[in-house]
Trainee: 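After the structure tokens below, expect a handful of questions from me.
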Amino acid sequence: MFMRFFHRMASPPYFYVISGRWLPWLAVICLALILAGLYGGLVEAPADYQQGDSFRIIYIHVPSAWMSLFIYVVMAVAGGIGLIWHIKLAEMVAVSSAPIGASFTFLALVTGSLWGKPMWGTWWVWDGRLTSELILLFLYLGVIALYGAIDDKRRAGRAAAILALVGVVNIPIIHYSVEWWNTLHQGPTVTKFDKPSIHISMLIPLLLMAGGFKLFYLIAVLMRLRSEILERERNSKWVTALVGSEDRRQKTEDRVQESDVDPRRVGP
Amino acid sequence: MRPIRRQRLYLIIVMLLGIGTAVAFTLKAFNDNLMFFFSPSDVVMGKAPARQAFRLGGMVVDGSVERPGDDLLVRFKLTDYGKDVAVEYTGILPDLFREGQGVVTKGRLRPDGVFVAEEVLAKHDENYMPPEVAGSLKKETVAGRPASEEK
């Protein structure tokens, strides 16, 4: 049952249709989670006993940092599946995730820097956590650049997947950096086996934001996948049929407006 | 799983193991350089460099902060609950600097054993709670300091 679902989803035309149906629902849930999280974090949650209101940047910083690690693992696993089973969709998941992951990494670094200045007294230090997170950003950029540098997209996807897999060693380093070495960055608050060392009233909005960010990633990667599928399969029958029918509908609607339709997109 | 796929799977696993081992050895070899700061115990035991500048991190000892003049000079002691090191600093301290708070300082060791800092950074811990909760926690542990600090 599950395997059948999996097999069908790996077929690009089926995936394209199904994901199109999912997107609006995901968007609604994502928006609800983020709005609830923001309200809870910025309005409802009490100020911190030491950091006052400045701690509220946690509601962007920490979910972004979690996402930067999560997306990298997804990218590496999808890349590995693509390498082993030669599933086109898995390769596409890997390469479509890279820019989203890079954005979250960048966001985590920037918000961390903005938080560091008032709390620690510095924008940046070369401690284990900050440095390994910066390396993660470079790994993402490397995957994007490598994929963009090779014209044959199947080969490009495989090369990028290998780089993503090599970089996966950095993930445990980032997570344990604050425990293995003396760092300016503090130890984990939530992601440890112990009880989270954050008050429940502050934790709930954080988890809501984390859920919202996860869904945002899902939405972004689905949208990127859909356009990647159309791009790669533009010569296949189902795409020309799909685009053709959409074009025809468009034309009847826009007949008055004299729209300039790209000649390549006109179906048979 | 078909043999060719199994082969590719093994290849990837071997690759990951190889890279993992290589990175683990490298990090182990550079372990000392990856430490962002030395602890007061390291300094007392002479592990910290005597002539170069280095970073010293620890908790500010309760009641040790004093300002001898009306300039910006401030003296305090840093501890890792094992050994203490006296620190002198001239400049503006970060907002989070207070007694019982973790800080990381950068500077040099004077021959008399006092650490002269050029820069003081506050290190905040991983606990987040509303002030009321922090207040009631403090009442519960009147005599001691929070148990879970500085591994």
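These numbers come from the heavy atoms of this one structure, side chains and all, not from hydrogens, waters or symmetry mates. In what follows, every chain begins at residue 1, and chains take the letters A, B, ... in the order their sequences are listed. A quick note: this is a predicted structure, and the numbers were derived from the prediction, not measured.
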Trainee: Looking at every heavy atom in both Asn127(B) and Asp48(A), which two are closest together, and how far apart are they?
Mentor: O-OD1, 4.2 Å
Trainee: For Ile200(A), which atoms come within 4.5 Å of any heavy atom of chain B: side chain, backbone, both, or neither?
Mentor: neither
Trainee: What part of Arg98(B) is in contact with chain A, defined as an atom under 4.5 angstrom from a non-hydrogen atom: side chain, backbone, both or neither?
Mentor: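 The side chain, not the backbone.
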Trainee: Do Trp180(A) and Asn31(B) meet the criterion of a side-chain donor-acceptor pair at a distance under 3.5 Å?
Mentor: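 Looking only at side-chain atoms, Asn31(B) and Trp180(A) do not form any donor-acceptor pair under 3.5 Å.
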Trainee: Heavy-atom distances under 4.5 Å only: say whether Val103(B) touches chain A with side chain, backbone, both or neither.
Mentor: neither
Trainee: Non-hydrogen atoms of chain A under 4.5 Å away: do they reach the side chain of Gln7(B), the backbone, both or neither?
Mentor: neither
Trainee: Hey, are Gln51(A) and His124(B) close enough side-chain-wise for a donor-acceptor pair under 3.5 Å?
Mentor: yes
Trainee: Could you walk me through whether Arg5(B) and His86(A) pass the side chain to side chain contact (heavy atoms under 4.5 Å, CB included) check?
Mentor: CA-CA 9 Å; Arg5(B) 291 176 180 172; His86(A) 285 188; over 6 Å; no
Trainee: Check whether more than 12 heavy atoms from other residues, nucleotides or ligands sit under 6.0 Å from atom CD of Glu66(B), and answer yes or no.
Mentor: yes
Trainee: By a 4.5 Å heavy-atom criterion (distance strictly below it), what part of Pro94(B) contacts chain A: side chain, backbone, both, or neither?
Mentor: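 Contact with chain A involves the side chain of Pro94(B) alone.
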Trainee: About how many Å separate CZ of Phe37(B) and CG of Asp127(A), when rounded to the nearest 0.5 Å?
Mentor: 9.0 Å
Trainee: Please flag which part of Ile4(B) lies under 4.5 Å from any non-hydrogen atom of chain A: side chain, backbone, both or neither.
Mentor: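 Neither part; nothing is under 4.5 Å.
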Trainee: Which heavy atom in Ser201(A) sits nearest to a heavy atom in Pro130(B), and how many Å separate them?
Mentor: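 Scanning both residues, the minimum pair turns out to be OG-CG, 4.4 Å.
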Trainee: Measure Ile19(B) against the heavy atoms of chain A and call it side chain, backbone, both or neither at under 4.5 Å.
Mentor: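 For Ile19(B), the contact with chain A is made by backbone and side chain together.
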Trainee: Can you tell me which portion of Leu203(A) sits under 4.5 Å from chain B's heavy atoms? Options are side chain, backbone, both or neither.
Mentor: neither
Trainee: Applying side chain to side chain contact (heavy atoms under 4.5 Å, CB included), run through Thr189(A) and Tyr128(B) and close with a yes or a no.
Mentor: CA-CA 8 Å; Thr189(A) 296; Tyr128(B) 301 91; 3.4 Å; yes
Trainee: Count the heavy atoms belonging to other residues, nucleotides or ligands that lie under 6.0 Å from CG of Asp112(B), then report whether that count exceeds 12.
Mentor: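 Above 12, so yes.
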Trainee: Quick check against the 3.5 Å criterion: does Arg8(B) have a side-chain atom that pairs as donor or acceptor with the backbone of Leu83(A)?
Mentor: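 Yes, Arg8(B) side chain to Leu83(A) backbone: donor-acceptor pair under 3.5 Å.
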Trainee: Could you check whether atom NZ of Lys88(A) has more than 12 heavy atoms from other residues, nucleotides or ligands sitting under 6.0 Å from it?
Mentor: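 No, NZ of Lys88(A) has 12 or fewer neighbouring heavy atoms, counting only those of other groups under 6.0 Å.
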Trainee: Kindly compute the distance separating CZ (Phe36(B)) from CG (Asn182(A)), expressed to the nearest 0.5 Å.
Mentor: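 Phe36(B) CZ to Asn182(A) CG: 10.0 Å, rounded to 0.5 Å.
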Trainee: About how many Å separate OG of Ser197(A) and CE of Met129(B), when rounded to the nearest 0.5 Å?
Mentor: 8.5 Å
Trainee: Let me know if Met35(B) has heavy atoms under 4.5 Å from chain A in its side chain, its backbone, both or neither.
Mentor: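 Interface part for Met35(B): both.
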Trainee: Which distance, rounded to the nearest 0.5 Å, do you find between the CD1 of Ile84(A) and the CG of Leu9(B)?
Mentor: 4.0 Å
Trainee: Enter the distance from Leu121(B):CG to Met119(A):CE here, rounded to the nearest 0.5 Å.
Mentor: 13.5 Å
